[in-house]
Amino acid sequence: MRIGALARATGVSQRLLRYYEEQGLLRPTRQPNGYREYAEADMAAVRRIRTLIQAGLPTAVIAHILACVHDDGTHLIPSTCPGVTNHLRREQARVVDAITQLRTAQQALDELLGGALQLSRHDTAEETRHP
DNA sequence: ATTCTAACA
DNA sequence: TGTTAGGA
């Protein structure tokens, strides 16, 4: 199928489908006229790509593990390729660390603003003059 | 009508 | 990412 059909079938824009190819996530063949020709399997592939992107994985990583994951219709199931599960665990740890850092920043900001409560009227007037 | 590349917003 | 120009 061509890009228009795949876009309608997956709900992903043509622009994005071309971008996925550029990132090495999809490898459609080319028709003699230069048009991209996608395989049936690419519909499922796009679904997996969307899921992995939602999981916060960079496209460079997705390109390597895309074939190591199976979509049962509801969930993505890591499989085959050795080390994939391990890689995903490291990604999971990265997210946990990021959350911890954000919590620390949140706490710092909470305390910072908590101590400035009495000045809120002053700041509000200031911002009104410079919106 | 559909897609392509490149490039700007 | 969306959109658009200029072609095939």
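Keep in mind that what you see is a predicted model, and the values were worked out from it rather than measured. As a basis for the values below, the full set of heavy atoms in this structure was taken, side chains included, without hydrogen atoms, waters or symmetry mates. A, B, ... follow the sequence lines: proteins, then strands. Residue 1 opens every chain.
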#### Entry: Any strand: nucleotide that pairs with C:dA8 via Watson-Crick or wobble, under 3.5 Å
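Base partner found: B:dT2.
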Taking atom [atom2] of [N] as reference, at what distance in whole Å does atom [atom1] of [X] sit?
X: A:Ile49; N: C:dT1; atom1: CD1; atom2: P; result: 11 Å
X: A:Gln31; N: B:dC4; atom1: CD; atom2: P; result: 10 Å
X: A:Gln14; N: B:dA6; atom1: CD; atom2: P; result: 17 Å
X: A:Asn33; N: B:dC4; atom1: CG; atom2: C1'; result: 10 Å
X: A:Arg15; N: C:dT3; atom1: CZ; atom2: P; result: 11 Å
X: A:Tyr19; N: C:dT3; atom1: OH; atom2: P; result: 18 Å

### Task
Answer with base, sugar-phosphate or nothing: what part of the nucleic acid does A:Arg18 contact at a heavy-atom distance below 4.0 Å?
base
### Query
Considering only the P atoms, how many Å lie between C:dG6 and B:dT2, rounded to the nearest integer?
22 Å
### Message
Side chain of A:Arg30 only, heavy atoms from C-beta on: which candidate in B:dC4, B:dT3, C:dT1 is closest?
### Response
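Between B:dC4, B:dT3, C:dT1, the one nearest the side chain of A:Arg30 would be B:dC4.
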### Query
Among B:dC4, C:dG2, C:dT1, which is the nearest nucleotide to the side chain of A:Tyr35?
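Closest nucleotide among those given: B:dC4.
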Report yes if some heavy atom in the side chain of [X] is under 4.5 Å from a heavy atom in the side chain of [Y]; otherwise report no.
X: A:Arg47; Y: A:Arg50; value: no
X: A:Tyr20; Y: A:Ile53; value: yes
X: A:Gln107; Y: A:Arg103; value: no

### Query
Taking only N and O in the side chain of A:Arg36, is any of them less than 4.0 Å away from OP1 or OP2 of B:dT3?
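The answer is no; no side-chain N or O of A:Arg36 sits under 4.0 Å from OP1 or OP2.
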### Message
What's the separation between atom OG1 in A:Thr59 and atom CD in A:Glu22, rounded to the nearest 0.5 Å?
### Response
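A:Thr59 OG1 to A:Glu22 CD: 10.0 Å, rounded to 0.5 Å.
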### Query
How close do A:Asp72 and A:Thr74 get, heavy atom to heavy atom, and via which atoms?
OD1-N, 2.8 Å
### Task
Taking all heavy atoms of A:Arg48 and all of A:Leu66, pick out the closest pair and write down the distance.
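For A:Arg48 versus A:Leu66, the nearest heavy atoms are NH1-O, 3.2 Å.
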#### Entry: Salt bridge flag under 4.0 Å for residues A:Arg94 and A:Glu91
yes
### Task
With a 4.0 Å heavy-atom cut-off, tell me which residues in residues 1-10 of chain A come close to DNA chain C, sorted by residue number.
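The stretch gives none, as no residue of it lies under 4.0 Å from the strand.
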